[in-house]
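In what follows, a single structure is set out as structure tokens and then discussed.
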Amino acid sequence: MEEKFIDAVVFDLDGVITDSAHYHFLAWRELARELGISINEVFNERLKGVSRMDSLELILQEGNLQNDFTLSEKATMAEKKNLHYCEFLKKLTPQDIMPGILELITNIKIEGISIGLASVSRNASTVLKALKLEDTFDYVVDAAKVKKSKPDPEIFLTACKQLDANPKRTIGIEDASAGIDSIKASEMFAVGVGNTLNKADYKVHSTKELQWELIKAEYKKWIER
Ligand code: B16
Ligand code: MG
């Protein structure tokens, strides 16, 4: 049997496992509109992988309103956005798992490689339940388990530690620039899904292209470079 050269694969949730990143955008856009701030999909790239309160700060800065609200008012705004987001989550079903993801997970598991999930979302467990993936991952790191949001490496390093994986023998899959920075700061191999992730070690345009044999081949080239 071929020697195992990868310890684990750690997935991001929003934007990789399911398109909840779009629901985050719709909920933020509505809150921003109420504040007289206009945000679009290009601006939204900066919110991906960023915690709820940090996302709110970026939106307020965009409207030059960063000094206009108390902490308590900001907490109320973030809660309002979250309630709106949670309404979208009620519609989520296993049909909303991104194309190619279940096949990828199956192929990784066949080789006895651990899989983890690293999401800074406080709604991660709700999303996993809605997708019927709550028992799929060997370890899930969510907002409750880390102090620092992506791009800090804490979340991916926590996943590696809990999976007993050496970061250099671990692959991270992300759709956000903050997430790729977090993976690289962890010294892992970074797979980027999307068009704007220049720092990724291997890039694909969509989850459909996440093929295990190709990812392994790219990882091998990277580790042997
Ligand atoms: P919540 P990920 C992140 O999840 C999202 O990408 C980001 O847009 C969101 O603001 C953040 O979770 C916090 O989410 O408001 O649900 O706590 O990409 O790390 O899975
Ligand atoms: Mg994401």
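If you read the sequence from its start, that first residue is 1, and numbering goes on from there. In listed order, ligands and their atoms are each counted from 1.
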In terms of heavy-atom contacts, Ala165 and Ala8 come closest through CB-CB, 3.7 Å
Salt-bridge criterion met for Lys80 and Glu30 (N-O under 4.0 Å): no
At what distance is the nearest protein heavy atom to atom 17 (O) of ligand 1, and which residue and atom is it? Arg122 N, 2.7 Å
Please list, in number order, the atoms of ligand 1 under 4.0 Å from a heavy atom of Leu47. 7 (C), 8 (O)
Check ligand 1 against Ser55 and write out every atom of the ligand that is under 4.0 Å from a heavy-atom position of the residue. 10 (O)
For Ile180 and Ala200, which heavy atoms make the closest approach, and how far apart are they? CG2-N, 3.7 Å
On a heavy-atom basis, which atom in Asp7 and which in Asn166 lie closest, and how many Å separate them? OD2-N, 2.9 Å
Flag, side chain of Glu154 to backbone of Lys147, donor-acceptor distance under 3.5 Å: yes
What closest approach, in Å, do Ser114 and Leu163 show between heavy atoms, and which atom pair accounts for it? CB-CD2, 4.0 Å
In the protein, which heavy atom is nearest to atom 20 (O) of ligand 1, and how far is it? Ser119 OG, 2.7 Å
Is there a heavy atom of Gly49 sitting under 4.0 angstrom from any atom of ligand 1? yes
Expected output: side-chain Lys150 to main-chain Lys48 donor-acceptor under 3.5 Å: no
Is there a side-chain contact between Val9 and Tyr219 (heavy atoms, below 4.5 Å)? no
For atom 9 (C) of ligand 1, the closest protein heavy atom turns out to be Val50 O, 3.3 Å
Students should be able to answer this: which protein heavy-atom is nearest to atom 5 (C) of ligand 1, and at what distance? Asp14 OD2, 3.4 Å
Check the Mg ion (ligand 2) and write out every protein N, O or S atom at under 2.8 Å, as residue and atom. Asp12 OD2, Asp14 O, Asp175 OD1
Could you tell me if Asn123 and Asp14 have a donor-acceptor pair between their side chains, going purely by distance under 3.5 Å? no
What protein heavy atom is closest to atom 19 (O) of ligand 1, reported as residue, atom name and distance in Å? Lys150 NZ, 2.7 Å
Could you find the nearest protein heavy atom to atom 15 (O) of ligand 1 and give me its residue, atom name and distance? Arg52 NE, 2.7 Å
For atom 1 (P) of ligand 1, the protein heavy atom that lies nearest, with its residue and separation: Ser121 OG, 3.5 Å
Considering only heavy atoms of Leu13, which atoms of ligand 1 have at least one such atom less than 4.0 Å away? 20 (O)
In the protein, which heavy atom is nearest to atom 18 (O) of ligand 1, and how far is it? Asp12 OD1, 2.8 Å
Could you tell me, atom by atom, which parts of ligand 1 come under 4.0 Å of a heavy atom of Asn123? 1 (P), 16 (O)
Counting only N and O atoms by type, is there a donor-acceptor contact under 3.5 Å from the side chain of Arg225 to the main-chain atoms of Trp222? yes
For a quick check under 3.5 Å, do His24 and Lys81 share a side-chain donor-acceptor pair by atom type? yes
Flag the pair Ile113 / Trp212 as yes when at least one side-chain heavy-atom distance between them is below 4.5 Å, and no otherwise. yes
